[in-house]
*Asks:* 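Sharing a structure, written as structure tokens. Questions coming.
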Number of protein chains: 2
Amino acid sequence: MATIYEVAALAGVSPATVSRVLNGAAVSPEKVRLVREAAEQLQFTPNRTARRLRNQSSELIALLIPDVENPFFTALARGVEDKAQAAGFSVVLCNTDDDPAKETRYLDIANSEDMAGVILAPASEDGDIRHVTDRGRPVVAVDRNTGLTIDSVMVDNRAAGVAATTALFDAGYERVACIAGPLGLEWTEERSLGWRQVVSKRGAGETIDRYLQHANYRVDGGRAAMAALLALDSPPDAVVTTNNLMGVGALQALSEAGITPPDFGVAVVGDLPFSTLHPDAITQVHLPARHLGTTAATMLLERIAGDDQPARTVVLRADVTRGAARPAR
Amino acid sequence: MATIYEVAALAGVSPATVSRVLNGAAVSPEKVRLVREAAEQLQFTPNRTARRLRNQSSELIALLIPDVENPFFTALARGVEDKAQAAGFSVVLCNTDDDPAKETRYLDIANSEDMAGVILAPASEDGDIRHVTDRGRPVVAVDRNTGLTIDSVMVDNRAAGVAATTALFDAGYERVACIAGPLGLEWTEERSLGWRQVVSKRGAGETIDRYLQHANYRVDGGRAAMAALLALDSPPDAVVTTNNLMGVGALQALSEAGITPPDFGVAVVGDLPFSTLHPDAITQVHLPARHLGTTAATMLLERIAGDDQPARTVVLRADVTRGAARPAR
DNA sequence: CTGAAAGCGCTAACAT
DNA sequence: ATGTTAGCGCTTTCAG
């Protein structure tokens with residue numbers, strides 16, 4: 001790797017001048033040319049490590065998500081990347097696996113790597129985010145809340161749950177169950193509260209609790225929960241899942257039982273990734289994953305640029321694609 | 001951020017000793033204790049930037065993939081991450097969008113960030129990989145070939161195409177079409193050559209070319225190509241798609257036309273992500289995505305550790321899950 | 001075993 | 001407008 005000293009020597013100027021040319025400070029056109037030629041000739045690329053050590057900051061944004069294999073988060077990542085790229089920043093994607101320890105580890109790395117900022121889908125509400133914010137490094141929470149008052153971009157989870165459930169009742173289903181994630185995770189609890197809210201008005205009141213299943217929030221969890229629901233004495237005729245992956249699992253279980261929507265109503269909070277079903281067989285509450293990402297990135301970039309207004313919370317709304325009506329029996 | 005100077009001062013030793021403690025060099029037990037306590041008290045985290053500038057190397061691995069939203073590549077990424085984590089390395093995921101310019105940009109970054117190595121699913125066969133290898137930084141190619149003789153981990157694409165096509169003929173289909181990616185991409189051409197090879201033996205010879213569709217290799221491409229095939233005078237009764245995403249598109253187009261496998265045979269090279277279809281309705285040639293990642297990471301880590309044997313190429317095999325037989329008419 | 005000091009490549013005062 | 005120089009935080013000779 002050539003250094004600015006070598007470039008300077010070849011161009012017959014001082015290293016400082018080379019640095020100035022690189023950073024667009026005032027230099028005579030003549031020397032600019034000389035430096036550019038020398039840099040070209042030596043295939044010079046500035047050493048980011050040295051620059052960073054000097055500047056105590058980099059053009060790197062850390063994006064911490066629970067799972068790169070979940071399309072919701074990859075879409076979000078795409079949104080972040082688009083905005084970041086355009087502003088000259090690179091994004092470092094980190095998998096936390098929803099493990100607070102891994103999250104902490106990555107936050108420490110963000111610090112010791114002098115990253116410009118962090119976008120975080122928090123694994124828990126009480127992570128070590130202060131380590132980062134205390135050092136003046138901006139952090140934006142996305143999709144999930146933190147205990148701290150920092151910028152955040154959320155989805156109206158309650159409304160999403162309500163919308164999914166309402167769509168099913170409107171389509172003529174009467175016994176609407178819910179497959180929710182584990183207790184204690186705010187996003188899934190909110191969505192299932194939305195379900196409960198609608199069911200308590202429009203459903204057959206006494207069956208509410210039997211119709212609420214908690215599962216791990218992945219495909220296998222959704223599948224198991226759906227199987228359990230189908231095995232009930234008086235099974236539901238429709239189901240809401242509080243995320244995309246459990247939706248896939250539920251549909252798999254239905255398919256294995258020989259049941260096809262809309263014979264059984266299905267509403268998913270989230271987008272069914274790569275679905276090969278007929279588009280309006282089911283109801284989808286589309287979460288604005290990518291938009292979540294672009295919004296978070298925009299806010300973070302503002303903070304990086306020095307904006308220090310009070311913490312903001314943006315709540316994005318999901319929009320619904322309603323599935324077909326329940327077929328007559 | 002506390003520095004080793006502050007730790008040293010607090011512990012009453014020299015910065016060099018602090019460094020030694022951190023790096024496990026020989027230091028008297030007494031001072032080790034002193035240093036550890038001081039570090040603890042100051043919440044000291046070593047500055048990676050400074051360390052890297054000094055050492056000219058980091059514990060960062062760059063992973064360049066065309067698309068984070070493609071489950072094949074996220075599975076691969078998981079594989080890389082697992083191995084890397086275990087060895088104390090962090091993985092930086094970079095999206096190239098199959099754009100050689102972006103690829104070059106990221107390779108430059110890998111250089112100027114002093115990354116330990118690069119795992120690359122190349123966007124083209126003649127990228128600027130030399131920039132990196134010339135600097136002695138190890139690079140492992142994965143999933144696709146480069147022009148250079150470097151370590152690589154591949155899939156037997158031809159065999160995958162053969163396996164997919166054979167499964168369809170064996171299941172009783174007679175007019176097997178192929179939806180391939182754009183011309184000029186080796187991986188998809190190889191897979192479609194596998195198809196051609198089988199069809200020329202077992203198929204109705206004269207229709208080969210009409211049954212070969214080229215599409216962009218994403219969902220919409222597969223869908224359009226499938227629609228085109230269905231509109232032919234004598235349409236096929238089965239189709240092979242050369243990747244996962246086009247498989248999804250093809251299934252969508254079939255579903256829109258009211259056709260359900262196995263009434264129409266479908267074989268996909270790659271895994272159908274999050275499929276809600278009945279598991280054996282279609283044939284899948286499972287590409288060992290994760291294994292590709294772990295293998296590449298293992299090879300890269302060996303190189304990083306100093307291994308300098310000649311370049312190796314590992315070819316992994318796909319295994320097939322056969323779909324149902326064609327129903328009698 | 002330990003400390004002093006140089007230097008990784010770059011940038012930002014400070015001079016000129 | 002340009003050159004000189006110090007220093008970002010760390011590791012590693014080199015002395016002792």
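To find a chain, count down the sequence lines: A is the first, B the second, and so on, and within it residues start at 1.
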*Asks:* Find out whether K31(A) and R20(A) are in side-chain contact, i.e. whether some heavy atom of one side chain is under 4.5 Å from a heavy atom of the other.
*Replies:*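 K31(A) does not reach R20(A) side chain to side chain.
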*Asks:* Would a 4.5 Å heavy-atom cut-off, applied to side chains only, mark R135(B) and N111(B) as touching?
*Replies:*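 Side chain of R135(B) against side chain of N111(B), heavy atoms only: contact under 4.5 Å found.
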*Asks:* Do any of residues 50-62 of chain A sit with a heavy atom less than 4.0 Å from DNA chain C, and if so which?
*Replies:*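 Correct list: A50(A), R51(A), R54(A), N55(A).
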*Asks:* Tell me whether R130(A) at atom CZ has more than 12 heavy atoms from other residues, nucleotides or ligands lying less than 6.0 Å away.
*Replies:*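 Check fails, neighbour count at 12 or below.
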*Asks:* Tell me, please, which residues at least two apart from D108(A) pass salt bridge (Lys or Arg N to Asp or Glu O under 4.0 Å).
*Replies:*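 Expected list: none.
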*Asks:* Quick check on contacts: within residues 16-39 of chain A, what sits under 4.0 Å from DNA chain D by heavy-atom distance?
*Replies:*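 DNA chain D contact set from residues 16-39 of chain A: A16(A), T17(A), R20(A), A26(A), V27(A), S28(A), K31(A).
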*Asks:* Quick check: does any side chain N or O of T17(A) sit under 3.5 Å from a backbone N or O of V13(A), one acting as donor and the other as acceptor?
*Replies:*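 Not confirmed, T17(A) side chain does not pair with V13(A) backbone.
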*Asks:* May I have all residue pairs that pass salt bridge (charged side-chain N to carboxylate O under 4.0 Å, His left out) and include part of residues 139-149 of chain B, sequence neighbours excluded?
*Replies:*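 Salt bridge (charged side-chain N to carboxylate O under 4.0 Å, His left out) check on residues 139-149 of chain B returns D98(B)-R144(B).
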*Asks:* Between R52(A) and E59(A), is there a salt bridge with N-O shorter than 4.0 Å?
*Replies:*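 No, no charged N to carboxylate O under 4.0 Å.
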*Asks:* What pairs with T96(A) under side chain to side chain donor-acceptor pair (under 3.5 Å), at least two apart in sequence or on another chain?
*Replies:*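 Side chain to side chain donor-acceptor pair (under 3.5 Å) check on T96(A) returns nothing, list empty.
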*Asks:* With respect to L63(B), which candidate in L76(B), V140(B), L120(B) satisfies the side-chain contact (heavy atoms from CB on, under 4.5 Å) definition?
*Replies:*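 Of L76(B), V140(B), L120(B), side-chain contact (heavy atoms from CB on, under 4.5 Å) with L63(B) is met by L76(B) alone.
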*Asks:* Listing request: all salt bridge (charged side-chain N to carboxylate O under 4.0 Å, His left out) pairs with a residue in residues 4-17 of chain B, at least two apart in sequence or in separate chains.
*Replies:*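 Qualifying pairs: none.
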*Asks:* Could you identify which residues of residues 109-118 of chain B place a heavy atom less than 4.0 Å from some atom of DNA chain C, listed by residue number, or say none?
*Replies:*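 Residues of residues 109-118 of chain B under 4.0 Å from DNA chain C: none.
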*Asks:* Just the rounded figure in Å: distance from P of dA6(C) to OH of Y5(B).
*Replies:*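 One finds 11 Å between P of dA6(C) and OH of Y5(B), rounded.
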*Asks:* With a 4.0 angstrom cut-off to heavy atoms of chain A, pull out the first and last contacting nucleotide of DNA chain D, in 5'-to-3' order.
*Replies:*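 Terminal contacting nucleotides, 5' to 3': dA1(D) to dG9(D).
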*Asks:* Let me check the geometry of the helix from dC1(C)-dG16(D) to dT16(C)-dA1(D). What is the bend angle between the axes at its two ends, five pairs each, to 10°?
*Replies:*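 The helix from dC1(C)-dG16(D) to dT16(C)-dA1(D) shows an end-to-end axis angle of 40°.
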*Asks:* Applying side chain to side chain donor-acceptor pair (under 3.5 Å), can you list everything that pairs with S112(B), at least two apart in sequence or on another chain?
*Replies:*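 Checked S112(B) against side chain to side chain donor-acceptor pair (under 3.5 Å); matches are R48(A).
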*Asks:* For N243(A) and R218(A), test the side chains for any donor-to-acceptor distance below 3.5 angstrom and give the result as yes or no.
*Replies:*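 Looking only at side-chain atoms, R218(A) and N243(A) do not form any donor-acceptor pair under 3.5 Å.
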*Asks:* Which residues pass the side chain to side chain donor-acceptor pair (under 3.5 Å) test with E40(A), not counting sequence neighbours?
*Replies:*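 Here no residue qualifies.
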*Asks:* Not counting sequence neighbours, which residues clear side chain to side chain donor-acceptor pair (under 3.5 Å) with Q56(B)? List them please.
*Replies:*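 Side chain to side chain donor-acceptor pair (under 3.5 Å) check on Q56(B) returns nothing, list empty.
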*Asks:* Would you say the side chain of S152(B) lies within less than 4.5 Å of the side chain of T146(B), judging by non-hydrogen atoms?
*Replies:*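 T146(B) vs S152(B): side chains apart.
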